Amino acid sequence: MTTHREGVNPGFLTRFSFSLQRVDQSMAQKAADEIGRLPGIDRAWFDANKPRLKVAYDGSVQNVDQIMAILEKHGVVIKSNWWNRLRLSLQRQTDQNIRDNAKHEAHCCNKLPPGTGH
């Protein structure tokens, strides 16, 4: 069994890998350290060989745009090619789905779902 940081719900855990360009390793590591201290972040690490910043986070607490803001603050540039824009778009949709699922209240099998008007 894997242990997660306190405050991270494993049911809402998602992972994303940011492909970086023009990487200053010290700046990327500082960004990874700051991201790792945020609530809802399970793990953030910089892979200098690729170069990539990998993040595992609770999607009900954090989202990819908040992480990108910290990268920008530290001057870390994310690759802006077609593939990465598509991946970011899909991750934003995943984050929204996780937030929606976290807010959803399940209904009992014998009751009508909310909003049916009966």
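This one's a predicted model, so the numbers in the text were calculated from it and none came from an experiment.
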Name all residues meeting the side chain to side chain donor-acceptor pair (under 3.5 Å) criterion together with [X]; count only those two or more places apart in sequence or in a different chain, and write none if there are none.
{"X": "N81", "result": "N84"}
{"X": "K50", "result": "none"}
{"X": "D100", "result": "Q96"}

Using salt bridge (charged side-chain N to carboxylate O under 4.0 Å, His left out) as the criterion, list what pairs up with E34, not counting sequence neighbours.
->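 With sequence neighbours excluded, E34 shows a salt bridge (charged side-chain N to carboxylate O under 4.0 Å, His left out) to K73, given in chain and number order.
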Got a sec, which pairs hit ring pair (Phe, Tyr, Trp, His ring centres under 6.0 Å) with one end in [range], sequence neighbours left out?
{"range": "residues 32-52", "value": "none"}
{"range": "residues 11-37", "value": "F16-F18"}
{"range": "residues 59-96", "value": "none"}

Can you list every side chain to side chain donor-acceptor pair (under 3.5 Å) pair that touches residues 55-64, not counting sequence neighbours?
->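 Output for this query lists Y57-Q91, Y57-D95, D58-S60.
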Residue pairs meeting side chain to side chain donor-acceptor pair (under 3.5 Å), one or both in residues 23-32, sequence neighbours left out, come to D24-S26, Q29-D33
Output every pair passing salt bridge (Lys or Arg N to Asp or Glu O under 4.0 Å) with a member in residues 83-92, not counting sequence neighbours, ordered by first then second residue.
->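 Pairs touching residues 83-92 that pass the test: D65-R92.
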Where at least one partner belongs to residues 5-18, residue pairs that pass salt bridge (Lys or Arg N to Asp or Glu O under 4.0 Å), sequence neighbours excluded =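 For residues 5-18, and leaving out neighbouring residues, there are no salt bridge (Lys or Arg N to Asp or Glu O under 4.0 Å) pairs at all.
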For L13, the rest of its hydrophobic cluster, which grows through side-chain links under 4.5 angstrom = V8
Would V61 and M68 show up in the same hydrophobic cluster when neighbours are defined by side-chain heavy atoms closer than 4.5 Å?
-> no
